Every structure is written in structure tokens, then in C-alpha cells.
Amino acid sequence: MADRITLAEHLASQRPPIAPPLAGGVAVLLGRLASVAAVIERELAHAALRDRLGYAGETNLTGDKVRKLDVWGHEVVLAALRKSGVCAAVVSEEAAEPVEIAEGHGPRGLVVCIDPVDGSSNLDVNGTVGTIFALYASEGRTPAGPAALGPVARQLAAGYVMYGPACSLVYTAGAGAHGFTLDRDRGEFFLTHPAMQVPKRGRAYGVNEGNLHSWHPGQRAFVEHLRTPDKGAGRPYSLRYSGAMVADVHRTLLDGGIFMYPADLTDPAKPKPKLRLLYEVAPIAMIAEQAGGRASTGGGRVLDLSATEYHQRAAILVGSADDVALAEDFYRR
Ligand code: FDP
């Protein structure tokens, strides 16, 4: 382990394309988010023993039934970010409006968009869950939260944590995507997947096929294509779907292939995507692109989207560049 690079050392050695006063703050917040991830990972391991599983009895703004660990995760993340001195506001899945933090206001301030516990329907069955986040410059605004609205390509950094058999953290600050693994004994993340590269093409797809009836015809035709045997072309693809975005995306980035959450087009005039743009879709898109992959809504690049609401939803097809490009092709036909 002595020769392994810690997350702190890695952050100090990187030269991300971020202006100096903000770059320091990004490193501070990534460090804070890593520390809080180690706390969340410990809590998840003991949640059943501490009566922390199950519902809290409320529904959040986006209509999900809130679980006890969603509430706890939100509070623990907020506490960690409040103390950072550079976090000006937090846009969280568990709060209707951004939480403003006066100590972080000013030109160095950053806005954190975060889903503290993503995939929480997996919690009660001891399945994998994650944390997803994106960082934006607050541009010295007060209140700072609105700085997260606008083109999502303004993200300075993005990352996710996957609480699986091992706890993985992947981040990008615009200079590649890098993966770390938590050493549970030392409570520290070490670099295990430097400069991640998504294979150009994969052999697996991940999507909730129970929703097939509601998809765009191009989405249906694409999945049908992946399922149709053609040995020479490497088909059929295998289906892999865990129901937690972080786990499905992590596998896709490492092994190649495509993860999709297309919009529900039951009413074609009113497309209904499920995943949230600011703290699910956009950060994952930035990480995928930084790893040489591609992220699309089916109709265009995710990173060309603009957020007009904090809890806005967007479709996503993400993974190997060739697989995503082919999916887009099916949408166009
Ligand atoms: P969950 O509802 O359990 O929080 O955030 C939404 C999310 O999980 C993603 O993590 C996951 O990919 C997706 O929803 C799963 O949705 P379905 O149950 O509709 O497949």
C-alpha cells in the first residue's frame, strides 16, 4: 500500500483546467465528500442493526418515498460541507430549494449538487447504492444556489461513490476520470483506477425493460437489435441491471456497453424522464466523457442541456462511444 497514491496526494498533483482560486476549493470539497463517503459506507454496513432501514414516512419533492437513510445521508453531507468554508450552497435531492451556506459565499464559493444516497430502493435488500455529485462555481452570487442553473457544461467537477463489496470513488475535474478504492482499515481512498478509459464498444446493456411499453420507437428498436443474435457482430448483448444508477454506470465504464434510462413517452407530447439532471445525469455524463465514453439523451449530447429547475429530469444513454452513437442512430431512423 505504501506505493499507492492517496486521493489527497492525487488532488494535489493534478492540474485541472480550473482557475486557481476555484481549483483549491474543488480539491477541498472533493476531500470532504470522500470523508463523508467513508462515514456513509460505515453507516450502511450497520443500518439494519441500528434500525435505520425502511421509510421515514415522507415523500420528497420529486415524488419518491423518503427512506431514513436518505434523510440521514442529506444531513451528514450538509454537516461536512458546511464546515468546508468554500461551499456556498447545496442542491440536494432531499431539499426542495438549495441550502445556502453563508460562510462559503464569495468569489471562491462553490455550489454542490448532490444525491446523497442514490438507488435507495436497494437499501432494504442489501443491494448496492451510491452518492453522485457535481460542483459549480457560485460566481460570487448571493444566494448562490441559482448558479447551478444554466448550461450543465459549466460543471467544474463531478464524481460518484459506489457502496458495494468495496467502496469506490470516481471523480473528474476536467482532466480525466480517476477511480479510488477505500481502505477500510485506514479510512482513506487510494488510487486504483487512474485515467479510466471506457472500452469503445461493450457486450452488455442495462435498462429497466419493464418500461419497454413507454419507450421511443428508436429505443425499442435499439434494444431489440442488441438482443438479436449475430455472432460476428458480438450480439446478443447481455442484460445487466441492478436498479442503482451508480452500480450500473460503474460496471459500464469499466467493462464497456451502455446504461440507459430513457424517457417515458406514454404521452408523446409530454416526455417524462426519471433521473435528475443536476445530481444524476449531468455528473455521470461528464465522468463518462472524461473517460472517453459518450452520454446522450437519445436526441443530443447530455452536456449540451441547460438546467432551468433544480430537480429537472433528463433521459440518459451512457457508456461506450460506439454503443451510444448506435443508439442515437436508432433514435434518428
Ligand atoms: P432509486 O429510484 O432507487 O433512487 O435515482 C433513481 C434511481 O434509483 C437510480 O439510481 C436507478 O438507476 C433508477 O432510479 C432505478 O429506477 P427503476 O426502479 O425505475 O428501474
Side-chain angles (χ1 to χ4, degrees), residues 37 40 44 47 52-56 58-74 77 91-96 113-134 158-164 168 170 204-216 219-220 223 239-253 257-266 271-285 287-288 295-298 302 307 309-319 324:
I40 293 176
L44 292 177
R52 279 249 167 86
L53 297 180
Y55 293 105
E58 312 140 33
T59 303
N60 68 17
L61 185 91
T62 56
D64 299 330
K65 281 165 88 181
V66 176
R67 287 168 199 268
K68 291 180 197 167
L69 279 170
D70 287 323
V71 179
W72 177 85
H74 170 79
V77 162
V91 174
S92 164
E93 189 195 7
E94 306 308 330
C113 301
I114 189 161
D115 187 351
V117 182
D118 183 66
S120 48
S121 50
N122 271 1
L123 283 170
D124 296 354
V125 294
N126 195 20
T128 300
V129 295
T131 297
I132 311 177
F133 56 87
Y160 65 78
V161 182
M162 171 177 156
Y163 309 100
S168 307
V170 174
Y205 69 101
V207 68
N208 183 341
E209 278 195 11
N211 295 333
L212 181 133
H213 63 279
S214 71
W215 292 347
H216 184 283
Q219 176 69 43
R220 279 209 291 272
V223 167
L239 170 62
R240 295 283 183 274
Y241 190 72
S242 77
M245 184 187 198
V246 165
D248 290 314
V249 164
H250 191 62
R251 186 193 53 251
T252 303
L253 298 184
I258 183 165
F259 165 76
M260 301 167 278
Y261 213 110
D264 177 333
L265 290 181
T266 308
K272 281 196 191 145
K274 170 172 180 180
L275 301 183
R276 275 52 61 104
L277 178 59
L278 284 180
Y279 41 82
E280 292 181 312
V281 172
I284 295 297
I287 294 164
S296 171
T297 60
V302 166
E309 290 170 26
Y310 297 112
H311 302 284
Q312 185 171 329
R313 298 168 188 259
I316 184 167
L317 291 76
V318 61
V324 177

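Order of listing sets the numbers, starting from 1, for every ligand and every atom in it. From a predicted model like this one, the values you see are computed outputs, not experimental measurements.
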Item to complete: Report the part of L275 (side chain from C-beta onward, or backbone N, CA, C, O) that has a heavy atom under 4.0 Å from ligand 1; answer both or neither where that applies.
Response: side chain

Item to complete: List every atom of ligand 1 that sits less than 4.0 Å from any heavy atom of D118, numbering the atoms from 1 in the order shown and giving each element.
Response: 5 (O), 6 (C), 9 (C), 10 (O)

Fill in: Side chain proximity check, P116 to S92, heavy atoms < 4.5 angstrom
yes

Worksheet entry | side chain to side chain contact (heavy atoms under 4.5 Å, CB included), paired with L69, selected from L123, D124, V129 | L123

Discussion item. Please identify which of these residues, I284, L317, V324, T297, meets the side chain to side chain contact (heavy atoms under 4.5 Å, CB included) condition with V302.
Written reply: T297

Practice prompt. Compare all side-chain heavy atoms of I316 with those of M245 and state whether any distance is below 4.5 angstrom.
Written response: yes

Response to the item:
When distances are taken from atom 20 (O) of ligand 1, the protein heavy atom at minimum range is Y241 OH, 2.5 Å

Worksheet item: Just which atoms of ligand 1 are under 4.0 Å from any heavy atom in A244?
Response: 10 (O), 12 (O)

Practice prompt. Show the numbers, then the answer: is there a side-chain contact (heavy atoms from CB on, under 4.5 Å) between I114 and T131?
Written response: CA-CA 7 Å; I114 189 161; T131 297; 3.9 Å; yes

Worksheet item: If you measure from each heavy atom of E93 to ligand 1, is any distance below 4.0 Å?
Response: no

Item to complete: Provide the number and element of each atom of ligand 1 under 4.0 Å from a heavy atom of N208.
Response: 17 (P), 19 (O), 20 (O)

Fill in: For R276, atoms of ligand 1 separated by under 4.0 Å from a heavy atom
5 (O), 6 (C)

Practice prompt. Measure up the F259 and Y241 rings against each other and bin them: parallel (under 30°), tilted (30 to 60°), perpendicular (over 60°).
Written response: parallel

Worksheet entry | pair Q312-P273: side-chain heavy atoms closer than 4.5 Å | no

Worksheet item: For D248, is at least one N or O under 3.5 Å away from an N or O on ligand 1?
Response: no

Item to complete: Give the residue, atom name and distance (to 0.1 Å) of the protein heavy atom nearest atom 3 (O) of ligand 1.
Response: S121 OG, 2.6 Å

Worksheet entry | Taking atom 19 (O) of ligand 1 as the reference point, the nearest protein heavy atom with its distance | Y261 OH, 2.5 Å

Worksheet item: What protein heavy atom sits nearest atom 11 (C) of ligand 1, and how far away is it?
Response: G243 O, 3.3 Å

Discussion item. What protein heavy atom lies closest to atom 8 (O) of ligand 1? Include the residue and the distance to one decimal.
Written reply: G119 CA, 3.4 Å

Discussion item. Is there a polar contact between ligand 1 and N211, counting only N or O atoms under 3.5 Å apart?
Written reply: no

Worksheet item: So, D118 versus Y279: side-chain donor-acceptor pair below 3.5 Å or not?
Response: no

Item to complete: Report the member of E280, K274, M260, M245 with the shortest heavy-atom distance to atom 12 (O) of ligand 1.
Response: M245

Worksheet item: What are the two closest non-hydrogen atoms of A295 and V318, and how far apart are they?
Response: CB-CG2, 3.9 Å

